[in-house]
Structure formats: structure tokens, C-alpha cells
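Data first, discussion second: the structure below is written as C-alpha cells.
Positions are given from 1 along the sequence.
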Amino acid sequence: MSGMKELSQKVLTGDVRSASRLIRNLEDQIPGTQVAMQQIFTKTGNAHVIGITGAPGAGKSTLTDELVFSYRQRNKTVGVLAVDPTSPFTGGALLGDRIRMLRHAEDKGVFLRSLATRGSMGGISKAVGEAIHVMDAMGKDSIIVETVGVGQQEVEIINHAHTVIVVLVPGMGDEIQALKAGLMEIADIFIINKADRDGAGNLYKEVTNMVHMSVTEGGWEIPVLLVESVQEPKKFAESVSVIGDKIEDHYRYLVDNNLLSERLRRKTAAEFNEALWGAILQPVLNDLDAGGEMEKMVNKLLKKETDPYTLAAEVAVRYKNKA
């Protein structure tokens, strides 16, 4: 375990290689990794966490790339967690961070990391919360989490981010989606990307009307921002700089109105639930798998010899008595 403690100390100095190794260990659930997390947890809570979510093809990666550049222009250090689909062959992220954001790869003020969903629903990986802590402990001013993009149910990011940005684009059915619950309800900032496309005006009107009818946390007025094509680099950069301003405005609003503590409470509760799952349920599942009992139980269920509720109750009683 001394190796894990040494690893955590290097992370606290901002060492990128150690941080990458720790995040990889978290993804792979390497035994003993929690020792390193225990060492760094009390040093976290200083970074502004920004979630960028939206449907596939909305341009989240391009916006994230330019937002990182905008933050670096403001002399802020940035961590980026880009959540990608899982490779069916390696189990790793299907797209690499170097491919996404090559121009930041050599910038020591930016730490980029891709995470695989590994079957997790909600657009993020189970390791995201812990990876945020790692980047926070490194001393990053802002941490951007770009979700994988799965549609209306991609709402888990609200449990990890202080500021949530929802990216929409014309022509992808967003005019209808704007009237639905789910993804649209978690936004602190809306971005209509590729606003030079046909239908941008209608989408802007739909989203603006929805915002005016909604009740927001503490009275925050949700901005709806238009961003035109990346093919106009100067205009695109200016638009993303405005997004950076609005993100800062939202963070100040949370602080000034004592709302940040509520978001931190929600984030902490979600992380505690994950920790309980890892400490209580995962060892039980591992034990059942190792002894071949899981397969036997599944076979019984397939033959309709019993039901999952009865089996779960039996397992719960058995392990409760062991404790």
C-alpha cells in the first residue's frame, strides 16, 4: 500500500504520469487504489467542474477544445475528462484524447484524459467522479467533463458538475426534444451549436420559450447562446469566449447565493453511493462469481425455478449473517 500512498503524493504535486496511472487504476478497479484516493480526498473541492452534454453529433468535442483554449488565454489550468464509447475489443475508450485535442497535448497547463463508459448508462463512466477528484487534487482550476452523448436520459452529469451545459443543434429533432423532460431540465446554459444551419431560429425560439416557462434554482436566468460554424474561426472563438464568460457568471451566482453547497452536497451523496456500492455489493458479486454460484443462480432463473427477488433476499440474509 506504500506504493499507492507514494502515487497519491505525486498526484498532489501535479505529476501527469502519476495522475494518468491512478485514473487507469480506478477504471480497472485495481485493488488498493482506494488507498490513494483516501490520501487525496481532503485536498479536493477547489476546482470548478463543468459538464458538457448533448446528443451525438452536436459538436461537443469541438466546443470543448475551443473552451480549453479560451481558459488558457485567461491563464487558467484545465483538466478535461472526455467520456467515450467502450471499445468491444480492448474495453478502453474508443476515441483518444490526443485525437480529439491535439493542439493541447503539449500544454502543461492542460491535462486530457479519455474514459470509457464500460457499459454505464447516463453518458458518463463510473470512474468519472473519482477522476474529477484526481484532477482537482492536481490543482486544476477548471475541470471539463464531456459526456459520451446518448440523448434525453444523459443526466448523470448533474451529480458531478457545478455548471451543466447542454449542446443542441438544428435539424436533429431538438425542436421537439425541447418540450420533453430529462436532458433539457438539467441545463444551466444552453448552446445552440452550428447556428448557421437552417432551423436555428426555430430551435432558439423553442428553447427560449421553454426557459422562460421553467423554474430555475435560485432564480438563475438560463442563457441560450448561439454558436456558428467552426469554419469561421474568428467568430467561433469569440462565441466560445462568451460561453466562458457565462460559465464564470454561473459559478459566481452559485457562490454569491449560497447554492454551491447544495450542488456539492448532491455530488458528495452520489459519490458516497458509488463508494458504498464498491465496498458492499461488489465484493458480494465477486464472491458469487468466483465460487460459480452466480452462474447457478442465473441458470435457475432461466429455468423459472425461482425469481430474482427471492434469490436476492437469500443472498442478502447470508452475507448479513456473515457480517
Side-chain angles (χ1 to χ4, degrees), residues 23 26-27 44-45 47-65 67-68 78-86 93 95 97 100 112-136 140 142-169 174 177-178 180-191 193 207 214 216-217 220 222-223 225 243-244 246-247 250-251 254 259-260 262-274 277:
I23 292 173
L26 290 166
E27 281 198 285
T44 63
H48 179 194
V49 184
I50 302 142
I52 298 182
T53 189
K60 298 186 297 295
S61 296
T62 306
L63 284 169
T64 299
D65 177 62
L67 189 58
V68 170
V78 188
V80 180
L81 290 168
V83 185
D84 290 314
T86 303
L95 298 176
D97 46 47
R100 289 171 174 270
L112 309 171
R113 190 70 168 78
S114 290
L115 296 176
T117 56
R118 302 201 176 189
S120 295
M121 301 300 288
I124 58 175
S125 158
K126 285 183 178 179
V128 162
E130 292 171 315
I132 288 171
H133 285 314
V134 173
M135 290 190 170
D136 194 348
K140 299 306 178 188
S142 299
I143 300 169
I144 301 173
V145 181
E146 180 200 329
T147 72
V148 70
V150 296
Q152 283 292 314
Q153 298 307 312
E154 188 183 332
V155 297
E156 283 186 21
I157 188 61
I158 197 172
N159 291 327
H160 297 281
H162 306 126
T163 301
V164 177
I165 298 172
V166 172
V167 183
L168 308 171
V169 289
D174 290 313
Q177 299 300 330
K180 294 185 178 180
L183 182 63
M184 303 297 291
E185 293 183 337
I186 68 172
D188 298 304
I189 299 169
F190 281 110
I191 295 174
N193 198 22
V207 177
S214 64
T216 58
E217 184 180 34
W220 166 253
I222 302 173
L225 307 176
I243 294 171
K246 290 297 182 182
I247 291 171
H250 181 253
Y251 188 75
L254 292 176
L259 296 171
L260 187 61
E262 288 302 313
R263 299 218 170 185
L264 291 174
R265 178 176 292 276
R266 181 171 61 203
K267 182 176 184 294
T268 302
E271 290 170 354
F272 184 45
N273 286 337
E274 287 286 344
W277 185 91

> Considering only heavy atoms from C-beta outward, does the side chain of V167 approach that of T53 to under 4.5 Å?
Replying inline: no

>> I'd like to know whether I189 forms a side chain to side chain contact (heavy atoms under 4.5 Å, CB included) with V164, so could you lay out the CA-CA distance, the side-chain angles of the two residues, the decisive distance to 0.1 Å, and finally the verdict.
In response: CA-CA 7 Å; I189 299 169; V164 177; over 6 Å; no

>> Minimum heavy-atom separation for I52 and K60, please, with both atom names.
In response: O-CD, 4.0 Å

> Taking K246 for the side chain and D188 for the main chain, is one N or O donor matched with an acceptor at less than 3.5 Å?
Replying inline: no

>> I'd like to check V128 versus V83 (side-chain heavy atoms, cut-off strictly below 4.5 Å). Are they in contact?
In response: yes

> Sequence neighbours excluded, which residues qualify as side chain to side chain contact (heavy atoms under 4.5 Å, CB included) partners of T268?
Replying inline: none

> Which pair of heavy atoms, one from I50 and one from S142, lies closest together, and at what distance?
Replying inline: CD1-CB, 4.2 Å

>> So, taking the atom named CD1 in I143 and the one named CG in L81, what distance separates them when rounded to the nearest 0.5 Å?
In response: 7.0 Å

> Say you draw a straight line from CD1 of I222 to CZ of F190; how long is it, rounded to the nearest 0.5 Å?
Replying inline: 6.0 Å

>> Testing the 3.5 Å rule here: is there a donor-acceptor pair between the side chains of T163 and H250?
In response: yes

>> Let me confirm one number: the CD1-CD1 distance from I144 to I132, rounded to the nearest 0.5 Å.
In response: 11.5 Å

>> If you compare all heavy atoms of G51 against all heavy atoms of A161, which two are closest, and at what distance to 0.1 Å?
In response: N-CB, 3.5 Å

> Considering residues at least two apart in sequence or located in another chain, which fulfil the salt bridge (Lys or Arg N to Asp or Glu O under 4.0 Å) criterion with K267?
Replying inline: E271

> Quick one: does V134's side chain get under 4.5 Å of L26's, heavy atoms only?
Replying inline: yes

> Can you name the closest pair of heavy atoms from L115 and A131 and give their distance?
Replying inline: CD1-CB, 4.1 Å

> Taking only residues two or more places apart in sequence or in another chain, which ones pass side chain to side chain contact (heavy atoms under 4.5 Å, CB included) with L260?
Replying inline: H162, Y251, L254, V255, L264

> Is there side-chain contact between H160 and V145, with at least one heavy-atom pair below 4.5 Å?
Replying inline: no

> So how far is it from I186 CD1 to I165 CD1, rounded to the nearest 0.5 Å?
Replying inline: 11.0 Å

>> Would the distance check show the side chain of N193 and the main-chain N or O of V169 forming a donor-acceptor pair, the cut-off being under 3.5 Å?
In response: no

> Which atom pair, heavy atoms only, marks the closest approach of S61 to E146?
Replying inline: OG-OE2, 2.7 Å

> At their closest point, which heavy atom of E27 faces which heavy atom of A127, and how far apart are they?
Replying inline: CG-CB, 4.0 Å

>> Nearest 0.5 Å, please: how far is CD1 in I191 from CD1 in I243?
In response: 3.5 Å

> Hey, mind stepping through V78 and M135 against side chain to side chain contact (heavy atoms under 4.5 Å, CB included) and telling me if it holds?
Replying inline: CA-CA 9 Å; V78 188; M135 290 190 170; over 6 Å; no

